[in-house]
Visitor: 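Before I ask anything, let me first share the structure, which is written out below as structure tokens.
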Amino acid sequence: MLDIKQIRLEPEKYRKGLSAKGSEEKLDELLTLDGERRSIVSEADQLKGLRNRVTEEIAALKKNKQSADEKIREMRQVGEKIKELDNKVKEIEEKLMDIVVILPNIPHESVKIGRSAEENEVVKFWGEKPAYDFPLKDHLEIGDSLGIIDFHRSSKISGAGFPMYVGAGAKLERSIINFMLDFHTQKHDYKEIFPPFLVNRDSAFGTGQLPKLEEDMYHTDEDDLFLIPTAEVPVTNIHRDEILQENKLPIKYTAYSGCFRREAGSYGKDTRGLSRVHQFNKVEMVRFTTPESSYIAHEELLQDAEEILQALKLHYRVVSLCSGDMSFAAAKCYDIEIWAPASQKYFEVSSVSNFEDFQARRANIRYRRNSDGKVGYVHTLNGSGVATPRLMIALLETYQTDEGKVLVPEALQSYTGFSLIKGENG
RNA sequence: GGAGAGGUGGCCGAGCGGCUGAAGGCAGCUGCCUGCUAAGCAGUUGUACGAGGAAUCGUACCCCGGGUUCGAAUCCCGGCCUCUCCGCCA
């Protein structure tokens, strides 16, 4: 959520920022409403001040057993006027909130202005596209022929987009998750969290999923809970409505969760196999920092995610998103895209974002500064470290052998207990 | 799901419809004092919105939302949450 006071002080900065994200049209209405609100609040405050003073006088008169009827009659009218003004304020504030909650964050100054993914910039390559001297199978053929991913039966059970891993495939998936959690907790000192997978409205609002992205989430009507699209939601909300001590910062959490996405509006895109699914596994990293250190933390977070792919020796590139391709809440975002040699494509496996104080405002996450004891909003960041389905695509396609089997990357072997997937089909 | 208890400041905890932004304690900060440590004495310490260059001032906030009243932490109604007991259950 943006700060109305800041918008009032620097309207042109926000006009520019919002237009870079393609949503500046509500700004003037917002400023008008804000002005109205302030003048009515001030009028109401004056009347309340009057009432408070006279009310004391009434109390004094009554104490002395004198008549206060005259003043009581006056205050009855003042009270009605106050109620009227308060109602007007409430009405305006509702309109104001309706606008503020759908305004996206504005991009950081280092972010390129652009309209869509075509204008993103590749900022880094790691490793190289591997070469093969035999015809490659894509991950679907591999999963099917080895019997380690069963899409046919899972669609019977749940529908399209709900992958089911079997035998060595299931073990591999679980090993990847454990490997990543251990990596982050042991190498980079993240604290492990195992969060709830269903969250309430306040939590979904806090990280920015609500109100704009409601239709992208699965919802349970009976209890009004949302299935989480990412562990970012519960983990960021751990500190909702809290004031943290500055010396507790930075806070670094990592969490495994199932992720559930309706993917409404993306029908027909990437529908094959594991590239776009309704349920998947992901290990997420979340950080809470001071405003001064969030951009350093952002670079570190990117590196923490990259190191997972480096440990697995998988070729990838890093993309810096342009303003128009960034998500609602982000001020700056890197995507990590992994190379899948049979599909001949880079797949996004991680999104590393700095939200600055945008989520902190929504979720009311603050910290008390050591220097002057004042409170301010923290900065929140998160990055996937990483999502498994597309990692699985790259892994199966990269490590396949000419016999149609799959080698297990060395870093995972102590988790899987095997070094070659020979398949479940005998 | 049924029955009961309760939600007050960083924490614990008191609170008669007006003198309560809120007693008292703990913790923190400042000063004094004591050779050190511990203790002691005095003072001080919430958040948000608005006005002003600033010191400061006004308003709101005792889980949330309504209501009664000249006036609500305190009374009434609705909701949420926590705890205890019973039931059900992996």
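For clarity, every value in this text was computed on a predicted model and none was experimentally measured. Lettering follows sequence order; numbering is per chain, from 1.
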Visitor: Is the A/His379 to A/Tyr295 ring centre distance short of 6.0 Å?
Guide: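 For A/His379 and A/Tyr295, the ring centres are not under 6.0 Å apart.
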Visitor: CD1 of A/Ile40 versus P of B/G50: gap in Å, rounded?
Guide: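 Answer to the nearest Å: 14 Å.
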Visitor: Does B/G10 pair with anything, Watson-Crick or G-U wobble, both distances under 3.5 Å, and if so, with which nucleotide?
Guide: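 Here B/G10 is engaged in a pair, and the nucleotide opposite it is B/C26.
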Visitor: Using the side-chain heavy atoms of A/Arg368, tell me which of these nucleotides is nearest: B/C19, B/C49, B/U47.
Guide: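 Nearest to the side-chain atoms of A/Arg368, counting from C-beta on, is B/U47.
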Visitor: Is the A/His139 to A/Phe347 ring centre distance short of 6.0 Å?
Guide: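 Centroid distance A/His139-A/Phe347: not below 6.0 Å, so no.
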Visitor: Just how far, in rounded Å, is P of B/A48 from CG of A/Leu96?
Guide: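 These atoms are roughly 18 Å apart.
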Visitor: Provide the distance between the two C1' atoms, one in B/G87 and one in B/G2, to the nearest whole Å.
Guide: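 These two C1' atoms come out 7 Å apart once rounded.
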Visitor: With both distances kept under 3.5 Å, what pairs with B/C16, Watson-Crick or G-U wobble?
Guide: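 B/C16 is unpaired by these criteria.
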Visitor: So, the side chain of A/His219 versus the backbone of A/Phe226: is there a donor-acceptor pair under 3.5 Å, distance only?
Guide: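 A pair under 3.5 Å: no.
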Visitor: Can you tell me the Watson-Crick or wobble partner of B/C89, both distances under 3.5 angstrom?
Guide: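 Pairing partner: none.
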Visitor: Think A/Lys48 has a side-chain N or O under 4.0 angstrom from the OP1 or OP2 of B/A60?
Guide: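 Negative; the distance criterion is not met.
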Visitor: Rounded to whole Å, how long is the line connecting atom NZ of A/Lys248 with atom C1' of B/G10?
Guide: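 Value for this atom pair: 11 Å.
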Visitor: Any side-chain heavy-atom pair from A/Asp182 and A/Tyr415 closer than 4.5 angstrom?
Guide: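 Yes, close enough: below the 4.5 Å cut-off.
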Visitor: What's the gap between B/C89 and B/U82 when it is taken at their P atoms, as a whole Å value?
Guide: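 Per the computed distance, 23 Å lies between those P atoms.
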Visitor: Within this structure, what is the NZ-to-C1' distance between A/Lys63 and B/C16, rounded to whole angstrom?
Guide: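 Going from NZ in A/Lys63 over to C1' in B/C16 covers 13 Å.
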Visitor: Can you tell me if A/Glu232 uses its side chain to pair, donor with acceptor, with the backbone of A/Asn382 under 3.5 Å?
Guide: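 The answer is no, because no donor-acceptor pair under 3.5 Å joins these two groups.
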Visitor: Counting distance only, does the side-chain N/O of A/Ser154 pair as donor-acceptor with the main-chain N or O of A/Phe162 below 3.5 Å?
Guide: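 Such a contact is found between A/Ser154 side chain and A/Phe162 backbone.
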Visitor: Whole-Å distance between B/C81 C1' and A/Asp202 CG?
Guide: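 Roughly 12 Å, once rounded to whole Å.
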Visitor: How far does the C1' atom of B/C86 sit from the matching atom of B/C19, given to the nearest Å?
Guide: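 Looking at atom C1' only, B/C86 and B/C19 are 48 Å apart.
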Visitor: Could you check which nucleotide pairs with B/G21 in any of the strands shown, counting Watson-Crick or G-U wobble with both distances under 3.5 Å?
Guide: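 Result: none.
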Visitor: Rounding to an integer number of angstrom, what distance separates B/G21 and B/C63 when you compare their P atoms?
Guide: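 The answer is 16 Å between these two P atoms.
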Visitor: Without decimals, in angstroms, what is the distance between A/Arg38 CZ and B/G50 C1'?
Guide: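 Computing the A/Arg38:CZ to B/G50:C1' distance gives 9 Å.
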Visitor: Expressed in whole Å, how much space separates the P atoms belonging to B/U44 and B/G52?
Guide: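 Between the two P atoms, the distance is 30 Å.
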Visitor: What interatomic distance, in whole Å, is found between P of B/C62 and the corresponding atom of B/C88?
Guide: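 Going atom to atom, P in each nucleotide, I get 42 Å.
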Visitor: Using modelled atom types only, decide if a donor and an acceptor are shared between the side chain of A/Thr254 and the backbone of A/Glu284 within a distance under 3.5 Å.
Guide: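 Yes, A/Thr254 side chain to A/Glu284 backbone: donor-acceptor pair under 3.5 Å.
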Visitor: Does the pair A/Arg37 and A/Glu93 meet the rule for a salt bridge (Lys or Arg N to Asp or Glu O under 4.0 Å), with working shown?
Guide: CA-CA 7 Å; A/Arg37 185 188 136 269; A/Glu93 278 179 346; 3.1 Å; yes
Visitor: Heavy-atom nearest nucleotide on RNA chain B for A/Leu50 versus A/Tyr377: which residue maps closer to 5'?
Guide: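 Nearer the 5' end of the strand: A/Tyr377.
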Visitor: Classify the nucleic acid contact of A/Asp69 as base, sugar-phosphate or nothing, counting any heavy atom under 4.0 Å across all strands shown.
Guide: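 No contact at all - A/Asp69 keeps every heavy atom at 4.0 Å or more from the nucleic acid.
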Visitor: According to the Watson-Crick and G-U wobble definitions, with both distances under 3.5 Å, which nucleotide is paired to B/C83?
Guide: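 By the stated definition (distances under 3.5 Å), B/G4 pairs with B/C83.
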Visitor: Check each residue of residues 28-37 of chain A for a non-hydrogen atom within less than 4.0 Å of any atom in RNA chain B, then write out the ones that pass by number, or none.
Guide: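 By residue number: A/Arg37.
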Visitor: Assign a letter to each nucleotide of nucleotides 63-80 of chain B from its 5' end: B, base within under 4.0 Å of a protein heavy atom; S, sugar-phosphate only; -, no contact.
Guide: ---S-S-BS---------
Visitor: Just name whichever nucleotide pairs with B/G53, Watson-Crick or G-U, keeping both distances under 3.5 Å, else none.
Guide: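 Result: none.
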Visitor: Any cation-pi pair here, A/Lys252 with A/Tyr190, using under 6.0 Å and within 45°?
Guide: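 Geometry flag: set, cation within 6.0 Å and 45°.
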Visitor: May I ask you to say what A/Arg53 touches in the nucleic acid, namely base, sugar-phosphate or nothing, with a heavy-atom cut-off under 4.0 Å?
Guide: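 No contact.
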Visitor: In whole Å, measure the gap between the P atoms of B/C83 and B/U8 for me.
Guide: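 Their P atoms lie roughly 14 Å apart.
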Visitor: In whole angstrom, what separates A/Asn64's CG from B/G18's P?
Guide: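 My rounded result for the distance is 17 Å.
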Visitor: Just N and O in the side chain of A/Asn52: are any of them under 4.0 Å from OP1 or OP2 of B/G58?
Guide: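 So the side chain of A/Asn52 is outside the cut-off, no N or O lying under 4.0 Å from OP1 or OP2 of B/G58.
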Visitor: Examine distances only and state if a side-chain atom of A/Asp357 and a backbone atom of A/Val378 form a donor-acceptor pair shorter than 3.5 Å.
Guide: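 Between the backbone of A/Val378 and the side chain of A/Asp357 there is no qualifying donor-acceptor contact (under 3.5 Å).
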Visitor: The side chain of A/Arg366 lies closest to which of these nucleotides: B/U47, B/G58, B/G50?
Guide: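 Nucleotide nearest to A/Arg366's side chain: B/U47.
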Visitor: Need the pair for B/U69. Rule: Watson-Crick or G-U wobble, both distances under 3.5 Å, any strand; none if unpaired.
Guide: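 Across all strands, not a single nucleotide pairs with B/U69.
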Visitor: My understanding is that only one of A/Arg361, A/Arg8, A/Arg362, A/Lys13 makes a salt bridge (charged side-chain N to carboxylate O under 4.0 Å, His left out) with A/Asp3; could you say which?
Guide: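 The salt bridge (charged side-chain N to carboxylate O under 4.0 Å, His left out) with A/Asp3 is passed solely by A/Arg361 among A/Arg361, A/Arg8, A/Arg362, A/Lys13.
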Visitor: Using the P atom as the point on both nucleotides, what is the distance between B/C33 and B/A72, in whole Å?
Guide: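 Here B/A72 and B/C33 have their P atoms 49 Å from each other.
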Visitor: Once you apply the 3.5 Å cut-off to both distances, tell me the Watson-Crick or G-U wobble partner of B/G31, or none.
Guide: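 For B/G31, the partner nucleotide comes out as B/C41, under the 3.5 Å rule.
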Visitor: Rounded to whole angstrom units, what separation is found between the CG atom of A/Leu47 and the C1' atom of B/A60?
Guide: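 About 15 Å, once rounded to whole Å.
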Visitor: Are OP1 or OP2 of B/G50 and a side-chain N or O of A/Arg8 less than 4.0 angstrom apart?
Guide: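 Yes, within the criterion.
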Visitor: Could you say whether A/Glu56 or A/Asp3 is positioned toward the 5' end of RNA chain B, judged by the nucleotide with the nearest heavy atom to each?
Guide: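 That would be A/Glu56.
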Visitor: Can you give the donor-acceptor pairs under 3.5 Å from side chains of residues 105-114 of chain A to other protein atoms, not counting sequence neighbours?
Guide:
residue  : atom : partner  : partner atom : Å
A/Asn105 : ND2  : A/Ala329 : O            : 3.0
A/Asn105 : ND2  : A/Phe355 : O            : 3.2
A/His108 : ND1  : A/Ser110 : N            : 3.2
A/His108 : ND1  : A/Ser110 : OG           : 2.7
A/Ser110 : OG   : A/Lys332 : NZ           : 2.9
A/Lys112 : NZ   : A/Glu119 : O            : 3.0

